[in-house]
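I have placed the structure first, in the form of structure tokens, so that the comments after it can refer back to it.
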Amino acid sequence: MIKIAIFASGSGSNFENIVNHVQKGDLLGIEVTALYTDKAGVKCIERAEKLNIPVHINQPKDFISKSSYEQHLLKLLSNEGVQWIVLAGYMRLVGEDLLHAYEGRMLNIHPSLLPKYKGLDAIGQAFESGDSVTGSTVHYVDSGMDTGEIIEQQQCDIRTDDTKEDLEERVKNLEYELYPRVIAKIIK
Ligand code: GAR
């Protein structure tokens, strides 16, 4: 079994989708040890509880530095034997400590066709752009924001009559197919 930890900061629908795939037997050989979140009171915690997945809530503001926050996470990850980290809406730059320990073994998903529309509200940025297509990208994590080596992208249309909510739903649905597929391909 390859043990993965999923990091999320908000809703956690990608987290839930990945766990559903694992629990249905669609991601053979992969075990999700826990959800790691950097925020108290967020929806991903509720989802994890319903799915019977352990949760670690660690808020960087409760640590003296980013390094001590990440060193604490590294102890938890090591105790659980985590081999890969999967970021799924973890809205924070990963620091040197985690990067060093998990270099080449950390994935992220970002809701745009990178290198376009990095950072916050990528779907809103695409919606406002006048582009006729957007999509989502899975990439390795490096020290930049949404800058690591691209593994795979999937695209969808932006229709002229779309609301931003329509586009968000289309991109999310695409992510629910893309991320498990790339996880199955890369995490072995
Ligand atoms: C996802 O769309 C993911 O691509 C994005 O956050 C959303 C999380 O949704 N990630 C980023 O923007 C990373 N820069 P979820 O909490 O419902 O899975």
Side-chain angles (χ1 to χ4, degrees), residues 4-23 26-27 30 32 34-51 53 55-60 66 84-95 98-99 102 106-129 131 133-158 162-183 186-187:
I4 70 170
I6 303 181
F7 282 32
S9 304
S11 161
S13 70
N14 276 282
F15 155 74
E16 179 173 297
N17 177 58
I18 294 164
V19 172
N20 281 336
H21 274 73
V22 170
Q23 293 183 345
D26 292 345
L27 278 171
I30 288 178
V32 179
L35 169 75
Y36 285 66
T37 184
D38 58 338
K39 283 201 183 131
V42 282
K43 175 104 188 267
C44 57
I45 298 169
E46 255 173 63
R47 294 191 200 257
E49 284 163 356
K50 282 198 189 121
L51 292 161
I53 299 288
V55 183
H56 298 295
I57 307 169
N58 290 285
Q59 307 197 86
K66 182 157 189 159
W84 281 78
I85 296 175
V86 170
L87 307 184
Y90 181 68
M91 302 309 274
R92 183 172 294 283
L93 276 180
V94 175
L98 274 175
L99 275 175
Y102 282 90
M106 200 184 312
L107 302 180
N108 183 41
I109 191 162
H110 182 75
S112 74
L113 296 174
L114 289 172
K116 280 188 156 185
Y117 314 132
K118 299 181 177 117
L120 288 177
D121 194 21
I123 298 176
Q125 294 182 58
F127 182 72
E128 299 294 339
S129 69
D131 293 353
V133 292
T134 188
S136 186
T137 303
V138 179
H139 63 92
Y140 288 104
V141 176
D142 67 11
S143 58
M145 188 186 289
D146 307 315
T147 53
E149 182 195 336
I150 292 173
I151 300 169
E152 210 166 306
Q153 298 186 306
Q154 196 163 317
Q155 113 178 11
C156 64
D157 292 338
I158 304 176
D162 274 342
T163 62
K164 189 179 166 196
E165 290 68 34
D166 293 333
L167 189 59
E168 274 165 355
E169 192 183 337
R170 194 171 308 123
V171 173
K172 275 279 169 72
N173 284 330
L174 170 164
E175 292 190 323
Y176 300 152
E177 196 270 315
L178 173 67
Y179 215 2
R181 183 159 52 77
V182 175
I183 288 169
I186 298 293
I187 301 186

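In listed order, ligands and their atoms are each counted from 1. Please read these numbers as outputs of a predicted model, since none were measured by experiment.
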Just to verify, what does Phe7 make a ring pair (Phe, Tyr, Trp, His ring centres under 6.0 Å) with, not counting sequence neighbours?
Tyr36, Tyr90

Just by distance, no angles: are the side chains of Ser13 and Arg47 close enough, under 3.5 Å, to form a donor-acceptor pair?
no

Gln125 side chain near Ser112 side chain, heavy-atom distance below 4.5 Å
no

Any chance the side chains of Gln153 and Thr137 put a donor and an acceptor closer than 3.5 Å?
yes

Neighbouring residues of ligand 1, heavy-atom cut-off under 4.0 Å:
Ser11, Gly12, Ser13, Asn14, Gly89, Met91, Ile109, His110, Pro111, Asp146, Lys172, Glu175

So the salt bridge (Lys or Arg N to Asp or Glu O under 4.0 Å) pairs with at least one residue in residues 109-124 (sequence neighbours excluded) are Lys116-Asp131, Asp121-Lys164

Restricting to pairs with a member in residues 137-157, which pass salt bridge (Lys or Arg N to Asp or Glu O under 4.0 Å), not counting sequence neighbours?
Glu152-Arg181, Glu152-Lys185

